[in-house]
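Convention: sequence-line order gives letters A, B, ...; per-chain numbering from 1. Every value quoted in this text rests on a predicted model; they were computed, and no experiment measured them.
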Amino acid sequence: MRVRAKGSPGRRPLARSPSRKAAATPAAVTLHNEDVAAAFDEMADLLAIEGENAFRIRAYRRAAQTIRGLSRELAAMQGTEAFAELPGIGADLAGKIGELLQTGHCQALERQRRRIPSAVRDLLGLPGLGPVRVRALFKAGKVRNIDDLARALAGNRLDGLKGFGSGIRARLNAALAERAKQSQRRVPLFVAAQYAKPLREFLQALPGVDRVEVAGSYRRGRDTVGDLDVLLCASARIDLGTALKRYPDLERLTASGETKASGTLRNGLQVDFRVLKPQSFGSALHYFTGSRDHNIHIRRRAQEHGYKLSEYGLFKGNRRIAGKTEEGLFAALGLDWIPPELREDRGEVEAAAAHALPRLIEVTDLRGDLHVHTRASDGSNSLQEMAAAARGRGLSYVAITDHAEHVGVTHGLDAERLAQQIDEIDELNEGCADFTVLKGAEVDILEDGSLALPDAVLRRLDIVIVAVHTQFALSADKQTARILRALERPCVSVLAHPFGRLLGERPPCALDFERVLEAARQRPCYLEINAQPARLDLDDVHAKAAHDHGVRISIASDAHSTDQLDVIQYGVRQARRAWLTRDDVLNARPLGQLRELLGRTRR
DNA sequence: GCCGTTTTCGGCCCGACTGTTTTCAGTCG
């Protein structure tokens, strides 16, 4: 199912500082796709709160979704005509994209913001609050933000307000309490990358800078990133502060010294900069990549060898033993180089000492993608376009897995339409020797564990993906029983996005994962790492648990458009964090082996 | 606001669930 953004609290889409407002055309600010998408989402939210035409609102949301799925930057495209060729973007929205890119602003959005303060949108992120109740709060209750809501609830000022019975009020109180507990907001890796890549390029081009790396959890490929740790290698002194003031994505420079600076990007992400000499760069890269627990383990090992380890190098007394490169540092400690994704102190140091680190899977190891959608359900491209795009990316197969009919929103296939699609795929495969389209479906697991399509229909498919799309809040017992019952069915190949989480929006469902793993192992059936940036589900920890339990993994893009096929790289990052090798991943197998393995999932 | 076995404007996704009601509106996916 598509992941719909319901508000996007915490994100500040556009430059709104006075200096930028006054900026002349063309904009001093280059907007990224995420900025434009966030502007359209904001517009959609504000229109919804106003009670605007639902289809107009949907048009903005659809455009935002299209933009988020692009693998190329809008700013690099050839103007409004090219924008209007994108699905769901017509003349009007293409013009607004152009306006945003040119000026950094959208007048229609500015007008909307004058009618409804943008902080009102944050209310949409709370459970039970949709546009109608938010409008009621704003108009009748004078609630303009989440703090106002908390005060109104505390002062019993919502009692008697239509639509705010005791049930809703209790839910809101619980949600606010939970919110207060949450620490600093982290952004998905995919979003962080949109800011980190251009920042790195900007710094790399500065005179005197030899090398730039973004370290921290970003380099380790964690699903979310709390801040960016940027390391610059420079042999001579550089004036970092002055250079950073010219960087348009940087909203504030909070500290600026000779070797250290800090600031905040326009999307709210904190960035810490460190300037290092070449002889220390490797040890600094290691130190700032972390994780903290990994570093503690490595420092302890250094001590055991009679060394002292810091970001400046590995020392014996005052003599530097290593520090120029990470490889040299690890080698001096008797260790193989450890890929950043493994540096969580989950056994990687011992494995490196025993020269037993796995050769982690890479994007280029993948032979196919086993979960993509077409226009037949909720995708944007045709079967032919998805197949051609997958082939163009060097894959040798792709499984078309449109939704079965149960999920209303996704315009799912019934048995008849699925049969039509099967015929279409057969026809497509006939004229093609070096690429194969596999017949599949993503079938809903209903609340009682039954599937949304009958076995007789599923038997005609090469691959059947099952997934939970509703009722995420069941107890662990019920949710587990539901999934186990689905896995009993004769034609189940893959359990997709097993926990149903959406980063920052929906927590993982309660599940007795051990029992699911055991059922998957015995059956056998595969578990998916869904690479959609907001899902990354299985996460690294559960994917490793699956691996340790002998359950194999499918890494899938869940692409809803040709552009989205590229997000599979984020699934691969999670697989690497789970210690997976090529052999552990179903879709790293050549077609013949894949068919054989899928055949074993049949009963 | 987009789209079109299109040419000018009507159709656009809809069922399940929840909470608030007393037959339904709003939320969610």
Out of curiosity, A:Leu383 CG to A:Glu427 CD, how far, rounded to the nearest 0.5 Å?
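CD of A:Glu427 is found 10.0 Å from CG of A:Leu383.
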With rounding to the nearest 0.5 angstrom, report the CG to CG distance, A:Asp35 to A:Leu100.
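CG of A:Leu100 is found 9.0 Å from CG of A:Asp35.
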Spacing between [X] atom [atom1] and [N] atom [atom2], to the nearest angstrom:
| X | N | atom1 | atom2 | result |
| --- | --- | --- | --- | --- |
| A:Leu137 | B:dG26 | CG | P | 13 Å |
| A:Leu123 | B:dG26 | CG | P | 17 Å |
| A:Asp92 | B:dC3 | CG | C1' | 14 Å |
| A:Glu50 | B:dG1 | CD | P | 13 Å |
| A:Asp558 | B:dG29 | CG | C1' | 14 Å |
| A:Arg375 | B:dC2 | CZ | C1' | 14 Å |
| A:Leu161 | B:dG26 | CG | C1' | 14 Å |
| A:Asp414 | B:dC13 | CG | P | 17 Å |

Using a cut-off of strictly less than 4.0 Å, decide whether A:Lys96 has a side-chain nitrogen or oxygen near OP1 or OP2 of B:dG1.
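For B:dG1, OP1 or OP2 has a side-chain N or O of A:Lys96 closer than 4.0 Å.
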Judged by each residue's nearest nucleotide on DNA chain B, which is more toward the 5′ side, A:Gly163 or A:Tyr60?
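Comparing both residues, the 5'-ward one is A:Tyr60.
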First of A:Arg135 and A:Asn53 reached from the 5' end of DNA chain B, by closest nucleotide:
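Of the two residues, A:Asn53 wins.
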How far does the [atom1] atom of [N] sit from the matching atom of [M], given to the nearest Å?
| N | M | atom1 | result |
| --- | --- | --- | --- |
| B:dT5 | B:dG1 | C1' | 23 Å |
| B:dC13 | B:dC2 | P | 15 Å |
| B:dT20 | B:dA25 | P | 16 Å |
| B:dG11 | B:dT6 | P | 16 Å |
| B:dT21 | B:dA16 | P | 24 Å |
| B:dC9 | B:dC14 | P | 25 Å |

Can you check side-chain contact (heavy atoms from CB on, under 4.5 Å) on A:Leu158 and A:Arg169, steps first, answer last?
CA-CA 8 Å; A:Leu158 298 186; A:Arg169 296 202 309 271; 4.1 Å; yes
For A:Phe472 and A:Phe499: C-alpha separation, side-chain torsions, deciding distance, then whether ring pair (Phe, Tyr, Trp, His ring centres under 6.0 Å) applies.
CA-CA 9 Å; A:Phe472 296 101; A:Phe499 284 88; over 10 Å; no
Nucleotide nearest [X] (side chain, heavy atoms from C-beta), chosen from [options]:
| X | options | result |
| --- | --- | --- |
| A:Arg133 | B:dT21, B:dC2, B:dT27 | B:dT27 |
| A:Phe55 | B:dT20, B:dC2, B:dC12 | B:dC12 |
| A:Ile168 | B:dC17, B:dT20, B:dG1 | B:dT20 |
| A:Arg171 | B:dC12, B:dT18, B:dT20 | B:dT18 |
| A:Leu93 | B:dC12, B:dC2, B:dT27 | B:dC2 |

Do [X] and [Y] sit within salt-bridge range, that is, some charged N less than 4.0 Å from a carboxylate O?
| X | Y | answer |
| --- | --- | --- |
| A:Asp223 | A:Arg501 | yes |
| A:Arg459 | A:Asp455 | no |
| A:Arg393 | A:Asp566 | yes |

Base, sugar-phosphate alone, or nothing: which one does [X] contact when heavy atoms must sit under 4.0 Å apart?
| X | value |
| --- | --- |
| A:Ile89 | sugar-phosphate |
| A:Glu52 | nothing |
| A:Arg58 | base |

For DNA chain B, report each stem as range with range, ordered by first number, or say none. Use Watson-Crick or G-U wobble pairs under 3.5 Å, at least 3 in a row.
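Consecutive-pair runs (3 or more) involving DNA chain B: B:1-4 with B:9-12, B:14-19 with B:24-29.
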Out of the candidates A:Leu46, A:Leu109, A:Asn145, only one should pair with A:Ser118 under the side-chain contact (heavy atoms from CB on, under 4.5 Å) rule; please name it.
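Option passing the side-chain contact (heavy atoms from CB on, under 4.5 Å) with A:Ser118: A:Leu46.
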As a test of understanding, state which of A:Glu52, A:Met43, A:Glu50 forms a side-chain contact (heavy atoms from CB on, under 4.5 Å) with A:Ile57.
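Only one option passes, and that is A:Glu52.
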